[in-house]
Asks: 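Pasting a structure below so you can have a look.
Sequence positions, counted from 1, serve as the residue numbers for this chain. From a predicted model like this one, the values you see are computed outputs, not experimental measurements. We use all heavy atoms of the structure for the numbers below, so side chains are in, but hydrogens, waters and symmetry mates are not.
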Amino acid sequence: GVWKFVNIEMDTVQGVPDSLDCYIFLTPARKQELGANLEATSSSDYIVGGALNLTYRNKNTNNAADQVNANLKTGIEWNSDSSRPFYVQAREYSGQANVSFPRFITPWKIRDVGRFSNASTSLGMGFDYLDRLGFFTLSTVNGSFGYDWNETKYKKWIVKPFAFSYNRMFHISDNFEKQLDENPFLKNSFASTFIGGENVSFIFNSQEPLHISHFNYFRINLDESGLLLNGINAAIRGVSGGESNFAKLTSVGFSQYVKVDAEFKHYYNRRHSTLVSRLYGGIGVPYGTSDVLPYVKQFTAGGPNSLRAWRLRALGPGSYYNPDINNPDVFPDQTGDMKLEGNLEYRFDIFKSLKGAVFTDA
C-alpha cells in the first residue's frame, strides 16, 4: 500500500559474464486519503433513509508502512403511518479506527518468519450507537488485537487471540418490554453483556490467472467467548476471597459460547456467462452461565446477500411466522442460533453493456 507502482528491470553487468543487475523503481503512492460518501436509501419497512460516511487513511505512518484507517458514520431512517405523517424511525452513529503493522509484533521471537507471507499485526477499536425509536437504544464498544498472514498464495489465516465487545441496551419502550417479558429467549438475547474471547478464520481462494474458467472460495470461522473471562473471574474471586467477581466490578455479566460458521462458493466462468453456487452453514452453542447467544452474534436471514425475497432479518427462525410482522407495535427482527443457506445464480450478458441474472435462494 505504500507504493503506487513497482517496476523491475534487469540488465547485464558490463565486463562480468553470467551476471545481471536488478533495478527496482518505486513510485510512492499518495500517503494520506480523506473521503466522504453520502447515501440515500429506501426500503419496504421505511420510506427514505440517509447516511454520511467520513473516512481517513494514512498508508505510511511513521515512515514504517504502518497503515491507519478510520471512519465515522451517521445514518437516519424516516417512516410514516396514519398517526404520524413523517417521523424518524431509527438513527445510528458509529466509528471505527484500525492500525495495521506489516510485521509480527509478539513478545517472543518468531523463527523462520519468511514462511509467513504478507504477515501483519492489527489493532482496532470501535463504537456503535443505534436508536430504534419506540423500541430500544443499543450501544456497543468493541476492540481486537490479532495477526493475519498468507500460508500460500491460496491460503490465508486471520487469528485474533483477544477480541471484546460490550453491548448495553437502554431506553426500552413499554411495548417492547412487554414482548421481552413474554419471550425469555428474546429477553436473554437483548440482555446487556460483555463478550470477550478469541476467534480464528481460515480462507482458501483459488482465484488467479491460472484458474480463469473456474475457481473456489472457502472460509471457516471459529469464535469463542468466556474461556479467558472465566479465568479472570476466578482470579478476581480468589483475590477478593469470594466477595467480588467480574459482574460486580463491571456491572455486567459475560457471555459464554462457541460459534462456528463456514461458507463455500464456486465460480464457473464462460465467455459471456457465469454460474455461481454458494453454501453457508453455521451454529452457535451457549454454555456455562449463558442460555442463548448474544443478539449481535446470532444468525439472521433475508436481504440482498441472503434470501433476496425477504428483507433483512425478517425470515425465520425455522418455520416460525409472525402474523403481526407489519404491526408497528411488534418488534420485527428474527434471529436464531443455527443457519443453513444456499444460493445458485446464473449471470449472463444480454447486450455488451447490459447484464442479466437468474437465481434461486434456499
Side-chain angles (χ1 to χ4, degrees), residues 43-46 77 89-90 92 94 128-140 142 163 165-173 175-195 197 199 221-226 252-263 280-343 361-362:
S43 177
S44 59
D45 58 342
Y46 63 89
E77 295 175 359
Q89 172 179 281
E92 183 176 15
S94 63
D128 185 87
Y129 180 89
L130 172 64
D131 190 2
R132 295 201 64 166
L133 280 75
F135 290 110
F136 65 90
T137 299
L138 179 67
S139 64
T140 303
N142 61 76
S165 177
Y166 169 69
N167 311 287
R168 178 171 174 260
M169 191 174 71
F170 50 97
H171 296 163
I172 305 173
S173 68
N175 289 330
F176 191 51
E177 185 71 53
K178 183 179 179 181
Q179 293 183 58
L180 295 179
D181 292 336
E182 294 174 352
N183 190 335
F185 180 88
L186 191 64
K187 188 171 185 177
N188 288 332
S189 301
F190 277 88
S192 301
T193 186
F194 190 96
I195 303 171
N199 53 70
N221 307 301
L222 172 63
D223 187 9
E224 189 278 332
S225 173
V252 65
F254 59 87
S255 294
Q256 296 177 276
Y257 68 86
V258 177
K259 178 182 175 182
V260 180
D261 64 284
E263 181 180 41
Y280 176 91
I283 184 171
V285 180
Y287 70 92
T289 58
S290 297
D291 297 322
V292 296
L293 294 182
Y295 173 74
V296 295
K297 293 294 184 178
Q298 291 178 358
F299 298 101
T300 61
N305 297 317
S306 179
L307 273 71
R308 285 161 275 196
W310 284 265
R311 68 170 179 80
L312 183 64
R313 297 185 297 272
L315 183 62
S319 60
Y320 172 73
Y321 172 72
N322 187 349
D324 298 320
I325 195 69
N326 294 318
N327 186 340
D329 294 328
V330 176
F331 185 72
D333 284 8
Q334 308 292 344
T335 61
D337 284 1
M338 288 191 297
K339 182 177 179 179
L340 182 62
E341 187 172 274
N343 313 86
D361 306 325

Asks: Which pairs with one or both residues in residues 292-305 pass salt bridge (Lys or Arg N to Asp or Glu O under 4.0 Å), sequence neighbours excluded?
Replies: Asp223-Lys297
Asks: Describe, in one word, how the ring planes of Phe170 and Tyr129 are oriented to each other, choosing from parallel (under 30°), tilted (30 to 60°) and perpendicular (over 60°).
Replies: tilted
Asks: Look at the aromatic rings of Phe194 and Tyr166 and report parallel, tilted or perpendicular, splitting at 30° and 60°.
Replies: tilted
Asks: CZ/Phe135 to CG/Leu180 distance, rounded to the nearest 0.5 angstrom?
Replies: 11.0 Å
Asks: Find out whether Asn343 and Arg308 are in side-chain contact, i.e. whether some heavy atom of one side chain is under 4.5 Å from a heavy atom of the other.
Replies: yes
Asks: Are the side chains of Asp128 and Glu92 in contact, using a 4.5 Å heavy-atom criterion?
Replies: yes
Asks: Has Thr137 got a side-chain atom pairing as donor or acceptor with His171's backbone, closer than 3.5 angstrom?
Replies: no
Asks: For Ser139, what residues pass the side chain to side chain donor-acceptor pair (under 3.5 Å) criterion, not counting sequence neighbours?
Replies: none
Asks: State which residues pass side chain to side chain donor-acceptor pair (under 3.5 Å) with Ser306; sequence neighbours excluded, sorted by chain then number.
Replies: Glu341
Asks: Do Pro286 and Asp291 have side-chain heavy atoms sitting under 4.5 Å apart?
Replies: no
Asks: First locate atom OH of Tyr46, then atom CZ of Arg311, and finally report the distance between them rounded to the nearest 0.5 Å.
Replies: 10.5 Å
Asks: Does some side-chain heavy atom of Asp337 sit less than 4.5 Å from a side-chain heavy atom of Ile283?
Replies: no
Asks: Check Leu293 against Gly284 and note the closest heavy-atom contact, atom names and distance.
Replies: CD1-CA, 3.7 Å
Asks: Could you state the interatomic distance from CD1 (Ile195) to OG (Ser255), rounded to the nearest 0.5 Å?
Replies: 5.0 Å
Asks: Within the structure provided, determine whether Arg132 and Leu130 are in side-chain contact (heavy-atom separation under 4.5 Å).
Replies: yes
Asks: Are Val285 and Val260 close enough, and set up right, to give a side-chain contact (heavy atoms from CB on, under 4.5 Å), and what steps lead you there?
Replies: CA-CA 9 Å; Val285 180; Val260 180; over 6 Å; no
Asks: Do side-chain atoms of Ser173 reach the backbone of Phe176 as a donor and acceptor pair under 3.5 angstrom?
Replies: yes
Asks: Mind running side-chain hydrogen bond (donor to acceptor under 3.5 Å, both in side chains) on Gln256 and Thr289 for me, showing each step along the way?
Replies: CA-CA 7 Å; Gln256 296 177 276; Thr289 58; 2.9 Å; yes
Asks: Just wondering, do Phe299 and Thr335 contact through their side chains at under 4.5 Å, heavy atoms?
Replies: no
Asks: Considering all heavy atoms of both residues, which atom of Glu177 and which atom of Ile172 are nearest to each other, and what is their separation?
Replies: OE1-CG2, 3.6 Å
Asks: Can you find a pair of side-chain heavy atoms, one from Met338 and one from Asp261, that are under 4.5 Å apart?
Replies: no
Asks: So which heavy atom on Thr140 is nearest to which on Ser165, and how close?
Replies: CG2-OG, 3.5 Å
Asks: Considering all heavy atoms of both residues, which atom of Tyr257 and which atom of Tyr287 are nearest to each other, and what is their separation?
Replies: N-CE2, 3.3 Å
Asks: Can you measure from CG (Leu315) to NZ (Lys339) and round to the nearest 0.5 angstrom?
Replies: 9.0 Å
